[in-house]
Amino acid sequence: MTARPRTSLRAQLARPRPAPASATVESRANKLVSMPANKSVVTAASEMNDPLTDSASAPAIDPAGNPVAGAQAGPEANPPINPAAETDVSSSAKVPAGSVANASVKSSARSATNLSAQVPARRGANPVAKSTGPSSTQAKAWFAARGWKVFPFQRDVWQAAMAGQSGLLHASTGAGKTYAVWFAALQRAALHKRPRVGLKVLWLTPMRALAADTLRALQESATDLLPAWQIEARTGDTGSAQRARQNKRLPDTLVTTPESLTLMLSKADAVAQFAQLDMVIIDEWHELMGNKRGVQTQLALARLRHWNPGLVVWGLSATLGNLVQAREALMPDGVAVEGHVAKDIVVDTLIPDHPSRFPWGGHLGLQMLPRVVEEIERHATTLVFTNTRSQAELWYQNMLDARPDWAGLIALHHGSLDKQVRDWVELGLKNGQLKAVICTSSLDLGVDFLPVQRVLQIGSAKGIARLLQRAGRSGHAPGRVSRLTLVPTQSMELLEAAGARQAVAARDIEARPVPYKPLDVLVQHMVTIALGGGFRSAELLAEVRTAWSYRDLTEEEWQWALDFIARGGQTLAVYPEYRRVLPDDEGVYRVPDAAIGRRHRMGIGTIVSDSSLQVKYVSGGRLGSVEESFISRLKQGDHFLFAGRILEFVRLHEMTAYVRRATGTRGAVPRWQGGRMPMSSELAHAALEQLRLATIDGAESLGPEMQAIAPLLATQQKWSALPTPDTTVIETMHSREGRHLFMFPFAGRSVHVGLASLIAWRVARVTPVTFSIAVNDYGFELLAAQELDWTALLDVGHGAKAGLFGTDNLLEDVLASLNATELSQRRFREIARIAGLIFQGFPGQPKSARQLQASSALFFSVFRQHDAGNLLLTQAQREVLEQELELTRLRATLEELQARHISFHQTKRATPFGFALMVERFREKLSTEKLSDRVARMVRELEKAAGP
DNA sequence: GACCTGCTGCGGGTTG
């Protein structure tokens, strides 16, 4: 104990055994840091009489671990928290977060008085003025009344938070994370000595629906434990009256979204509104951390911490591959706590009745319809996940055809359906009135549907994290088993299912990389802060650098961003609307113009959606939305399948497609343009591992999935070979279409796109040739009109494969091999929107996709011509390379390919693995003869951008 | 002989 914590004299006097107690807590807290979920921590915690301990005979010890003076046996007599005790909390703001000793001193002082005497006073008093936390007894009783068990991790969280520590709590869904932090938040309320008005607990969720749900859950417990505590939500759909009230004064607890929080930071009086803030909880952090919404959250937290360095921050997350990064992105220092609930997760597979007749390619999987219907029949409520909206539509329609009696009992749910429809479906699920819902990832998280008994996943789950997430939609409560059944749509997915089961058992979960220095988000944030009271350059730079994603932000980058918002950068200086901030005489940057401020607030957020058209009945009634490009292909009178109905397209008017019900003939299914979801490395490796095992002992000796595809694997092995972690299989074949080359690196489709283009380009440098490219998650195909000597090109048998698989000049070659400019331009649209260059139009009067596309394309070309150093351009290129082409993974794959043995085969016809590629419809023409200076310039630019 | 891919999330309430 070198540095004594600052405490008031009164608090020191009230402390029964000062020094040793705080030392103990400090070391215990350190244990938490170094060994999350360590048994010693749990043991230590269970000896204490904290509010979540279920042992009634534990010695009386206050929350920080100090023995309570004059303690009698039993928690009733010794509530650890006394709201009215005299403690010095004013010093807490000056002490850095994590200063355990200081917190323990305060809490030991609190425990000197008995709570019971305070209860009547609290009831009668001004509810806001007396903000007191619930006692341990109350909290325990509340749990017990629901028949809930208190888990050790919940105590760990509570203790750490009471000691003023921040942390990340990770556990599978349904493990009881919410109450662990919520009780901590309520108990911390007791730390507030003075009558206080305003926001103390901020609860962030990634979804409005989740905010509403959380609000209900928090209110339910708080009404019992802390009746005076005000809890409200604030999201985009908060009514104007409530919004106005909140603008004046925030409630004690606010449940909100990152976007709404940022909007609040853009108000001039933000400092005052957040002055009392004590604790922030970020729910479902794993959903945010990997994208720009997470970065925006980081920046908002940096701001809140700047105002209150002692802020206690807790993240709640599912288990994932990079937990340390997940925590670091949220807080400079803090503990990691693992939820201890032994959550049983069962993953199994519906094996087709006749595996030998199961298709080798395709994705829809309607062959499995009878089996799926059977499963639904046998259970009360089933969620059926599909990978795309059109797949959900088709499955729904076909299921109704198969079981007309299920009309009204099954429903459809995806992101393009109208909110009212979705709400109705969600309600039906909650009430247990629906037998099955066919959905996309729209039901991945959010509302907990307790009645859900079964979860089916049609087609590849693409990743282990997603699989676990979806499994968790069933048995959503501590102690209940979650079960997910994979429904393959073609033979290769049986292999994937086998790998997935193994990876789930090993909990080999994907990492979610945190974005690095996205300047578009920074630029938006700077304008937000200029609105929210203004900033000084050096101060805000220091603050921004405390956000993990900007820890390496250079002075030059900062100056560029500042110049960009102050002057419009190099190219936009003549347009006043891009001079968004202006320093006053004292060097404080503010937004000088109210109209600019208003426009900025309307553009806050990082989600950029493609513009879509409303779909409405001619007679009135909204159905949802489809993309402009789909509708533009339809002629009047055309039929299409949407929202589970067959509709006739009538006319297009003011961004709305009017339709009427049609009967009879099937129509087209809207194809929404969405993200491509490559299979994760984890899942790919698990699948390859299954193949390796199959080559050793035969597929028959493995699980049911592998047994089912044993004949297919035998065929593959007979005609060619099985790819394994040590062997790359390459096949060539002649057909009427031309000369095929198949390769199976098992690296996921986006890497295969890059790899196929790269190899095509490198070959074409030697021999002029045009390829058609097809890819899937398992491999790729190069199709050429002429014969190529692949054995020579690949140098098979000599091990010197670095030529085609080399990583030298990788960046240049990748950029040259793909139309990187076009990819960057598409990316740039999103960046321009986030950075505030493009105004989306006023609510209710959105601009059309064409208008928006035109203006972003204009900025893109203007910057390229006149402002090549524009860092937003560089960012667009970097995002394409990292996110769309997965350059890092591509490089790793090339290195793997160099190390692997090549098994080369000339086959007479397509092998089972090759066939799946042939039926992929994606064909990308790569005309090497036409590659021109445009590409060369792109390379030069990137070299400059990438630096030495 | 075999083929119907492409998710999700939020926010703003003026002006011409």
Atom-pair distance (NZ on K419(A); P on dG11(B)), nearest Å
11 Å
Could you pull out all residues at least two apart from F746(A) that satisfy ring pair (Phe, Tyr, Trp, His ring centres under 6.0 Å)?
Y778(A)
With respect to the phosphate group of dC10(B), does any side-chain polar atom (N or O) of T606(A) fall under 4.0 Å of OP1 or OP2?
no
Determine the contact category for R470(A): base if any of its heavy atoms lies under 4.0 Å from a base atom, sugar-phosphate if only primed atoms, P, OP1 or OP2 are that close, otherwise nothing.
nothing
Walk me through whether E879(A) and E830(A) qualify under side chain to side chain contact (heavy atoms under 4.5 Å, CB included).
CA-CA 11 Å; E879(A) 285 185 11; E830(A) 175 187 309; 4.3 Å; yes
Counting any heavy atom closer than 4.0 Å, what does R208(A) reach on the DNA or RNA strands: base, sugar-phosphate only, or nothing?
sugar-phosphate
Looking only at side-chain atoms of S390(A), point me to the closest of dG6(B), dC7(B), dC4(B).
dG6(B)
In whole angstroms, how far is the P atom of dC10(B) from the CD1 atom of I282(A)?
18 Å
If you check the W360(A) side chain, which of dG1(B), dG9(B), dG11(B) turns out closest?
dG1(B)
For G365(A) and for P206(A), locate the closest nucleotide of DNA chain B by heavy-atom distance; then report the residue assigned to the nucleotide nearer the 5' terminus.
G365(A)
Please classify the nucleic acid contact of T235(A) as base, sugar-phosphate, or nothing, using heavy-atom distances under 4.0 Å.
sugar-phosphate
Answer with base, sugar-phosphate or nothing: what part of the nucleic acid does H414(A) contact at a heavy-atom distance below 4.0 Å?
sugar-phosphate
By nearest heavy atom, map E287(A) and L263(A) onto DNA chain B; which one lands nearer the 5' end?
E287(A)
Got a sec, which residues hit ring pair (Phe, Tyr, Trp, His ring centres under 6.0 Å) with F742(A), two or more places apart in sequence or on another chain?
H740(A)
Between T386(A) and dT5(B), does any side-chain N or O lie under 4.0 Å from OP1 or OP2?
no
Do the side chains of R245(A) and E232(A) get close enough for a salt bridge, i.e. N-O under 4.0 angstrom?
yes
Specify the separation, in whole Å, of atom CE of M368(A) and atom P of dC4(B).
15 Å
Hey, does K292(A) reach any base, or is it just sugar-phosphate, or nothing, if we go heavy atoms under 4.0 Å?
nothing
Ignoring hydrogens and geometry beyond distance, is the side chain of T440(A) in donor-acceptor contact with the base of dC7(B) at under 3.5 Å?
no
Remember a base hit wins even if backbone is also touched, and classify G605(A) as base, sugar-phosphate or nothing at under 4.0 Å, heavy atoms.
nothing
No-H, no-angle donor-acceptor pair, R243(A) side chain to dG13(B) base, under 3.5 Å:
no
Just checking T388(A): base, sugar-phosphate only, or nothing, at a heavy-atom cut-off of under 4.0 Å?
base
List the atom of V487(A), the atom of M368(A), and the distance in Å for their closest heavy-atom pair.
CG1-CB, 3.7 Å
Does R389(A) have a side-chain nitrogen or oxygen under 4.0 Å from the phosphate oxygens OP1 or OP2 of dT8(B)?
yes
Would you please confirm or rule out a distance under 4.0 Å between OP1 or OP2 of dT15(B) and any side-chain N or O of R598(A)?
yes
